[in-house]
Amino acid sequence: MTISHPSRKVMRRAAAVIRSGGIIAFPTETVYGLGADAFNPLAVARIFEAKGRPLFDPLIVHIADLSQMSRLASPVDKRAGRLAGRFWPGPLTLVLPKHTAVPGIVTAGLDSVALRMPDHLIALDLIRRSGTPIAAPSANRFGYLSPTRAGHVLEQLGERVDMIIDGGDCAVGIESTIVKLTEGASIILRHGGIPAEEIEALIGPVKMDHDTAKNPEAPGQMPHHYSPSVPVELAAGIRQIDFSRRDAGFLLFRKPGFDTPADRTLFLSESGDLKEAAANLFSCLHLLDRMEIQVIIAEPVPETGVGAAIMDRLRKAARRKKGADADQDPEAGEEA
Ligand code: TXA
Ligand code: MG
């Protein structure tokens with residue numbers, strides 16, 4: 001498998017692959033996706049197979065135009081219109097009542113469908129040229145770190161996909177925020193690129209879905225997602241990190257006022273900028289995962305704005321460690 005640069009010819013070929021039932025890794029502003037024609041159940045099945053993803057975990061359908069919504073979701077209420085108007089294209093996924101035309105494999109048999117309009121020229125171009133909405137999860141093996149550059153996809157999925165389109169590094173670097181809109185409530189199923197505060201400012205109070213870990217309606221919320229192979233420990237704070245540990249790599253939010261082991265320390269953002277930290281999170285974890293270390297020790301980040309999404313990913317990565325949090329969560333430590 002080679003990585004293709006997005007010339008017009010490559011984009012035409014990519015659209016032809018989607019139309020004929022193939023699967024393609026493509027960049028979005030959040031993370032790379034692995035896409036197929038959302039209306040072709042066999043093509044969508046190939047995505048699950050390539051990722052090793054269980055069929056009960058539904059996919060997000062990506063659109064390039066608001067007019068595509070009516071074929072996918074019905075009814076579309078006022079809140080959806082307001083959120084889409086403000087945040088699309090962008091890192092927000094809306095879970096809405098599903099249109100009967102959407103194949104069951106896309107939604108894992110649920111009566112709702114997740115929709116997103118990505119803010120990335122290559123993704124939008126691919127959807128438009130293919131002439132169909134594109135169902136796409138993140139382009140990683142199930143349970144492992146999300147890819148934020150084409151090389152990450154190549155390492156994890158290689159020959160399992162028909163094509164990888166290179167769009168460079170993902171600008172947001174963390175997955176979309178998922179909001180489920182039901183008649184009675186608006187619920188955040190996953191923290192992501194759009195802070196919960198900004199969603200509340202637009203549509204009023206939202207609930208946080210703390211129960212999904214036990215009841216995986218959005219199985220991306222399972223406790224052991226987003227994990228590198230090396231165990232992650234989340235420190236209580238920078239002062240609690242033992243920098244003398246020779247078996248550890250350190251993932252720090254910002255540059256502290258003292259020296260740390262230079263060859264084993266990565267900073268999410270030297271200046272302590274949360275957006276920059278989010279953009280660097282997965283590529284830092286990919287880098288640390290390749291080092292000769294036994295553990296990644298991470299500093300917590302402030303839980304405001306996109307910081308909530310970063311902490312969510314770090315906590316889940318930390319729970320992967322065998323035995324960790326075992327009393328809180330019986331599933332912790334299982335292989336995803
Ligand atoms: O930023 C993103 O959202 C990226 C890019 C590629 O768009 N996609 C992504 O997809 O993160 P994935 O499959 O890795 O995560 C999607 C999450 C899963 O946790 C899935 O369970 C949830 O969305 N989901 C999908 N459809 C749903 C539905 N109908 N109801 C509840 N959760 C749903
Ligand atoms: Mg994912």
Side-chain angles (χ1 to χ4, degrees), residues 24-36 38 44 47-48 50-64 72-73 87-99 102-120 122-124 126-127 133-148 152-153 156-157 165 167 170-182 187-194 209 211-213 215-227 278 282 306 309 312-313 316-317 336:
I24 291 200
F26 64 96
T28 81
E29 81 282 28
T30 57
V31 300
Y32 277 71
L34 178 60
V44 173
I47 294 178
F48 286 91
K51 282 185 57 110
R53 175 167 170 134
L55 286 167
F56 61 74
D57 193 354
L59 307 184
I60 296 172
V61 180
H62 296 70
I63 60 174
L72 297 161
F87 296 114
W88 280 359
L92 176 70
T93 294
L94 299 176
V95 176
L96 301 168
K98 167 187 169 311
H99 191 293
V102 181
I105 187 168
V106 173
T107 61
L110 298 174
D111 56 9
S112 59
V113 63
L115 299 183
R116 174 166 116 77
M117 190 189 293
D119 187 14
H120 198 292
I122 297 174
L124 294 171
L126 181 65
I127 299 163
I134 292 184
S138 49
N140 50 277
R141 276 185 291 111
F142 183 67
Y144 193 65
L145 297 171
S146 297
T148 54
H152 297 157
V153 181
Q156 292 193 50
L157 297 175
I165 306 175
C170 299
V172 174
I174 209 154
E175 297 86 344
S176 59
T177 303
I178 304 180
V179 186
K180 181 170 180 171
L181 301 172
T182 66
I187 309 151
I188 295 205
L189 297 182
R190 176 176 75 185
H191 287 291
I194 303 285
D209 191 34
D211 292 332
T212 37
N215 173 26
E217 185 186 12
Q221 299 305 293
M222 285 192 292
H224 40 237
H225 254 69
Y226 313 108
S227 307
F282 284 119
V306 76
D312 168 69
R313 306 306 186 271
K316 287 189 177 110

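Since this is a predicted model, take the numbers as computed values, not measurements. Note that the numbering runs from 1 along the sequence shown for the chain. Counting convention: from 1, in listed order, for ligands and their atoms alike.
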Q: Among A25, P58, P97, which residue places a heavy atom closest to atom 25 (C) of ligand 1?
A: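 Among A25, P58, P97, the closest heavy atom to atom 25 (C) of ligand 1 belongs to P58.
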Q: Which ligand 1 atoms does I60 reach within 4.0 Å, using its non-hydrogen atoms?
A: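 Going through ligand 1 atom by atom, the ones under 4.0 Å from I60 are 3 (O), 8 (N), 9 (C), 10 (O), 16 (C).
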Q: Which ligand 1 atoms does S112 reach within 4.0 Å, using its non-hydrogen atoms?
A: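 Listed by number with element: 28 (C), 29 (N), 30 (N).
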Q: Which pair of heavy atoms, one from A136 and one from L59, lies closest together, and at what distance?
A: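 What the structure gives for the nearest pair is N-CB, 4.5 Å.
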Q: So which bit of R53 gets within less than 4.0 Å of ligand 1, heavy atoms only: side chain, backbone, both or neither?
A: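 For R53, the contact with ligand 1 is made by the side chain alone.
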Q: When you look for heavy atoms under 4.0 Å from ligand 1, do you find them on the side chain of R190, its backbone, both, or neither?
A: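 For R190, the contact with ligand 1 is made by the side chain alone.
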Q: Hey, are the side chains of R190 and S176 touching, using non-hydrogen atoms and a 4.5 Å cut-off?
A: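 Yes; the side chains approach each other to less than 4.5 Å.
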Q: Please name the residue in the list V61, I60, V95 that meets the side chain to side chain contact (heavy atoms under 4.5 Å, CB included) test with V113.
A: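 Only one option passes, and that is V61.
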Q: Which pair of non-hydrogen atoms, one from V106 and one from A38, has the smallest distance, and what is that distance?
A: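 Answer, listing the atom of V106 first, then A38: CG2-O, 3.5 Å.
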Q: Got a second to check how far L72's CG is from H99's NE2, nearest 0.5 Å?
A: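 Going from the CG atom of L72 to the NE2 atom of H99 covers 8.5 Å.
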Q: Heavy atoms only: which of T28, L115, I187, D57 is nearest to atom 20 (C) of ligand 1?
A: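 That would be D57.
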Q: Which of the atoms in ligand 1, numbered in the order shown and given with their element, are less than 4.0 Å from a heavy-atom of V95?
A: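 What qualifies from ligand 1 is 28 (C), 29 (N), 30 (N).
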Q: With a 4.0 Å cut-off on heavy atoms, is L110 touching ligand 1?
A: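 L110: in contact with ligand 1 (<4.0 Å).
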Q: Applying side-chain contact (heavy atoms from CB on, under 4.5 Å), run through L145 and N140 and close with a yes or a no.
A: CA-CA 7 Å; L145 297 171; N140 50 277; over 6 Å; no
Q: Would H152 and V31 satisfy side-chain contact (heavy atoms from CB on, under 4.5 Å), going step by step from the backbone distance to the final call?
A: CA-CA 10 Å; H152 297 157; V31 300; over 6 Å; no
Q: Which atoms of ligand 1 have any heavy atom of T30 under 4.0 Å away?
A: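 Within the 4.0 Å cut-off of T30, ligand 1 contributes 1 (O), 2 (C), 4 (C), 5 (C).
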Q: Could you list which atoms of ligand 1 come closer than 4.0 Å to a heavy atom of H62?
A: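 It comes down to these atoms of ligand 1: 5 (C), 6 (C), 7 (O).
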Q: Heavy atom to atom 4 (C) of ligand 1, shortest distance: which of V102, V31, N140 holds it?
A: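 Going through V102, V31, N140 one by one, V31 has the nearest heavy atom to atom 4 (C) of ligand 1.
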Q: Can you find an N/O atom of Y32 closer than 3.5 Å to an N/O atom of ligand 1?
A: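 No - when backbone and side-chain N and O of Y32 are compared with those of ligand 1, no distance drops under 3.5 Å.
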Q: Restricting to N/O/S atoms, is S138 within less than 2.8 Å of the Mg ion (ligand 2) or not?
A: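 Given the 2.8 Å cut-off, S138 counts as a ligand of the Mg ion (ligand 2).
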Q: Check each heavy atom of K180 against ligand 1 and say whether those closer than 4.0 Å belong to the side chain, the backbone, both or neither.
A: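 No part of K180 comes within reach of ligand 1.
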Q: Atoms of ligand 1 less than 4.0 Å from S176 heavy atoms?
A: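 Listed by number with element: 1 (O), 2 (C), 3 (O).
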Q: Can you tell which of C170, G192, S138, A135 gets a heavy atom nearest to atom 12 (P) of ligand 1?
A: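 Residue with the shortest heavy-atom distance to the ligand atom: S138.
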Q: Is the shortest heavy-atom distance from the side chain of K51 to the side chain of S138 under 4.5 Å?
A: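 Heavy-atom side-chain distance check passes, below 4.5 Å.
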Q: Does either side chain, that of R313 or that of S146, offer a donor lying less than 3.5 Å from an acceptor on the other one?
A: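 Per modelled atom types, R313 and S146 side chains form no pair under 3.5 Å.
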Q: Is any N or O atom of E175, backbone or side chain, closer than 3.5 Å to an N or O atom of ligand 1?
A: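 By distance alone, the answer is no.
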Q: Can you name the atoms of ligand 1, numbered from 1 with element, that are less than 4.0 Å from a heavy atom of L189?
A: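 Listed by number with element, the hits are 31 (C), 32 (N).
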Q: Could you pull out the closest heavy-atom pair between G167 and I122, with the gap in Å?
A: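 Reported closest heavy-atom pair: CA-CD1, 3.8 Å.
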Q: Atom CZ in R116, atom CZ in F87: separation rounded to 0.5 Å?
A: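 Result: 13.5 Å between the selected atoms.
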Q: Heavy atoms only: give me the nearest L110-P58 pair and the separation to one decimal.
A: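 It is CD1-CG, 3.9 Å.
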Q: Below 4.0 Å, non-hydrogen atoms only: which portion of L59 touches ligand 1? Side chain, backbone, both or neither.
A: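 The answer is the backbone of L59.
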